[in-house]
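When reading the values below, keep in mind they use all heavy atoms of this one structure, side chains included, and skip hydrogens, waters and symmetry mates.
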Amino acid sequence: METIAAVAYQAGKPLSIETVQLAEPRAGECLIEIKATGVCHTDEFTLSGADPEGLFPAILGHEGAGIVREVGAGVTSLQPGDHVIPLYTPECRQCEYCLSGKTNLCQAIRETQGRGVMPDGSSRFSIDGEKIHHYMGTSTFSNFTVVPEIALAKIRKDAPFDKVCYIGCGVTTGIGAVINTAKVQPGDNVIVFGLGGIGLNVIQGARMVGANMIVGVDTNPAKKEMAEKFGMTHFVNPSEVEGDLVPYLVDLTKGGADHSFECIGNVDVMRDALECCHKGWGESTIIGVAGAGQEINTRPFQLVTGRVWRGSAFGGAKGRTDVPKIVDWYMDGKINIDDLITHTMPLKDINNAFDLMHAGESIRSVVLF
Ligand code: NAD
Ligand code: AHE
Ligand code: ZN
């Protein structure tokens with residue numbers, strides 16, 4: 001069949017709207033009609049050329065929601081008409097990782113996903129016979145896409161696609177990092193670096209679990225108002241702090257954060273996020289994704305004296321199990337997604353989403369098909 005998609009031909013260049021050939025789903029795969037997709041900073045990261053796994057040409061996008069239109073041989077858990085959220089972190093429920101009970105990082109198809117192909121090593125996308133790569137196993141910047149069954153969370157049919165698509169990455173990543181990865185406790189003091197589409201969901205999660213101080217750090221003062229609405233108690237603009245940021249934050253939190261979160265992808269900020277943690281027990285969770293060749297630094301003394309450095313992917317969530325529950329939280333009014341979706345646009349205008357992100361004007365842009 002043919003579909004319309006935004007194709008990334010080259011790093012640093014705008015996406016190109018193209019008619020793309022899409023092969024039918026093979027065994028264990030489903031054809032999905034994408035109804036809406038968010039644009040995450042990770043899409044920008046890969047498009048920029050900084051992603052060591054970035055491949056071109058590719059169809060980016062990993063924050064979608066849609067409807068199963070066709071299932072391949074052997075698919076048992078889904079049928080045409082089911083509403084789904086594609087998962088860049090699948091949940092096969094069979095691999096060593098899924099069975100460990102220690103991680104959400106299912107490895108069943110990670111290797112082929114990183115090579116931009118389906119589990120059998122081939123791509124379903126092409127233009128005039130030229131292969132187009134998949135991205136993160138999801139490729140939601142396409143009206144139709146093919147996704148393995150193990151990478152699809154079945155969700156309730158009354159959930160609006162244009163809102164719950166954000167659960168496909170940003171919402172789950174932010175709230176999940178607080179609940180699943182860091183396990184923030186009531187009364188904890190929390191510092192969040194970066195108040196974008198991820199950081200604001202960290203703030204929302206911290207408020208949900210009953211954190212005490214929720215300090216937000218961002219170089220863009222325009223983020224303050226929204227962050228306060230989501231539960232931020234103190235705002236810090238690093239450019240307005242006299243002297244070093246770390247001692248300022250340690251002082252503000254009377255000894256340091258119980259938990260900090262880096263939601264930017266800046267390795268220097270990652271260091272600050274660790275070092276502003278409380279001596280003896282403070283834990284810093286890295287969510288931001290840093291470019292090829294970049295490394296984090298600190299004095300080992302920071303760890304010797306009790307601070308902990310960890311990371312979180314997809315908020316530690318097991319997608320097929322947890323995503324439908326997060327959709328319920330939204331439908332029950334327990335979490336706010338609507339206010340974070342600041343812009344919507346048709347696919348033909350998807351490059352505007354990247355412009356708005358670069359300008360710091362959007363939280364989440366959602367493309368509607
Ligand atoms: P975003 O662009 O919406 O937000 C980034 C925020 O950081 C902006 O508000 C910006 O003003 C702020 N910022 C930039 N430089 C800063 C600095 N030096 N100090 C303080 N604030 C600064 O991005 P997003 O969609 O929220 O994504 C954030 C990061 O999380 C990205 O690196 C993205 O790739 C990553 N991410 C990781 C996961 C995961 O599973 N680990 C999932 C989604 C996104
Ligand atoms: N390709 C990058 C890694 C990017 C990365 O860390 N991705 C996160 C999700 S970001 C979603 O917005 C993730 O899930 N990581 C775990 C994994 O297995 O990729 C690189 O540096 O190579
Ligand atoms: Zn993302």
Side-chain angles (χ1 to χ4, degrees), residues 41 102-104 173-196 198-220 223-224 227-228 230-290 294-317:
H41 206 115
K102 298 176 183 176
T103 181
N104 66 326
T173 296
I175 296 178
V178 172
I179 295 175
N180 302 321
T181 309
K183 301 183 173 67
V184 174
Q185 299 298 303
D188 280 351
N189 289 334
V190 173
I191 304 180
V192 183
F193 293 80
L195 305 176
I198 307 303
L200 291 169
N201 278 297
V202 170
I203 287 184
Q204 165 155 236
R207 178 163 70 180
M208 282 169 74
V209 302
N212 178 36
M213 292 176 81
I214 304 177
V215 181
V217 182
D218 203 297
T219 44
N220 181 355
K223 304 285 170 130
K224 179 170 181 269
E228 281 173 346
F230 277 75
M232 181 183 72
T233 59
H234 300 71
F235 176 68
V236 176
N237 182 343
S239 56
E240 289 174 359
V241 170
E242 282 182 29
D244 289 342
L245 180 61
V246 167
Y248 179 87
L249 292 169
V250 169
D251 195 42
L252 181 67
T253 51
K254 298 188 173 37
D258 297 297
H259 283 281
S260 74
F261 296 85
E262 201 278 356
C263 315
I264 301 164
N266 178 317
V267 292
D268 297 323
V269 178
M270 290 174 189
R271 180 175 192 154
D272 288 348
L274 175 77
E275 297 183 358
C276 74
C277 285
H278 204 293
K279 188 172 185 175
W281 65 74
E283 301 191 5
S284 186
T285 302
I286 293 175
I287 301 176
V289 170
Q294 298 200 303
E295 297 185 346
I296 46 172
N297 289 290
T298 194
R299 288 192 65 219
F301 183 68
Q302 294 287 336
L303 307 183
V304 167
T305 51
R307 295 169 196 83
V308 174
W309 227 345
R310 66 172 88 249
S312 181
F314 194 43

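- To the nearest 0.5 Å, atom SG of residue Cys277 and atom CD1 of residue Ile191 are 7.0 Å apart.
- With a 4.5 Å cut-off on side-chain heavy atoms, Phe261 and Ile198 do not count as touching.
- Rounding to the nearest 0.5 Å places NE2 of His234 at 5.5 Å from CG of Leu252.
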> Are Glu275 and Thr298 close enough, and set up right, to give a side-chain hydrogen bond (donor to acceptor under 3.5 Å, both in side chains), and what steps lead you there?
Replying inline: CA-CA 8 Å; Glu275 297 183 358; Thr298 194; 2.6 Å; yes
Please list, one pair per line, the donor and acceptor atoms closer than 3.5 Å that link side chains of residues 206-214 to other protein atoms, with sequence neighbours excluded.
residue, atom, partner, partner atom, Å
Arg207, NE, Phe230, O, 3.4
Arg207, NH1, Lys229, O, 3.4
Arg207, NH2, Lys229, O, 3.3
Asn212, ND2, Asn189, OD1, 3.0

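- For Lys183, the side chain to side chain contact (heavy atoms under 4.5 Å, CB included) criterion is met by Gln185, not counting sequence neighbours.
- Here the closest non-hydrogen pair linking Cys263 and Gly194 is CB-O, 3.8 Å.
- Scored by the side-chain hydrogen bond (donor to acceptor under 3.5 Å, both in side chains) test, Gln302 finds Arg307 as partners (sequence neighbours excluded).
- With rounding to the nearest 0.5 angstrom, the NE2 atom of His41 is 14.0 Å from the CD1 atom of Ile287.
- When the side-chain hydrogen bond (donor to acceptor under 3.5 Å, both in side chains) test is applied to Thr219, no partner is found at least two apart in sequence or on another chain.
- Taking 4.5 Å as the limit, every side-chain heavy atom of Val267 sits out of range of all side-chain heavy atoms of Glu295.
- With sequence neighbours excluded, the residues satisfying side chain to side chain contact (heavy atoms under 4.5 Å, CB included) with Leu195 are Val192, Leu200, Ile203, Asp218, Lys223, Ala227, Met232, Phe235.
- A donor-acceptor pair is defined here as one N or O able to donate and one able to accept, closer than 3.5 Å; such a pair exists between the side chain of Glu262 and the backbone of Ile264.
- Every residue meeting the side chain to side chain contact (heavy atoms under 4.5 Å, CB included) condition with Asn104, not counting sequence neighbours, appears here in chain and number order: Thr89, Phe314, Lys318.
- Looking only at side-chain heavy atoms (C-beta outward), Gln204 and Asn201 come within less than 4.5 Å of each other.
- Take Leu245 and apply the side chain to side chain contact (heavy atoms under 4.5 Å, CB included) test, not counting sequence neighbours, and it matches Phe193, Val217, Val236, Pro238, Val241, Leu249, Asp272.
- When all heavy atoms of Ala290 and Met270 are compared, the pair lying nearest together is CB-CE, 4.3 Å.
- Every residue meeting the salt bridge (Lys or Arg N to Asp or Glu O under 4.0 Å) condition with Arg310, not counting sequence neighbours, appears here in chain and number order: Glu283.
- Taken to the nearest 0.5 Å, the NZ atom of Lys279 stands 6.0 Å off from the OG1 atom of Thr305.
- Residues satisfying the side-chain hydrogen bond (donor to acceptor under 3.5 Å, both in side chains) test with Gln294, not counting sequence neighbours, are none.
- Sorted by first and then second residue, the pairs that involve residues 242-259 and meet side-chain hydrogen bond (donor to acceptor under 3.5 Å, both in side chains), not counting sequence neighbours, are Asp258-Trp281.
- Applying the side-chain hydrogen bond (donor to acceptor under 3.5 Å, both in side chains) criterion to Ser312, with sequence neighbours excluded, gives Thr181.
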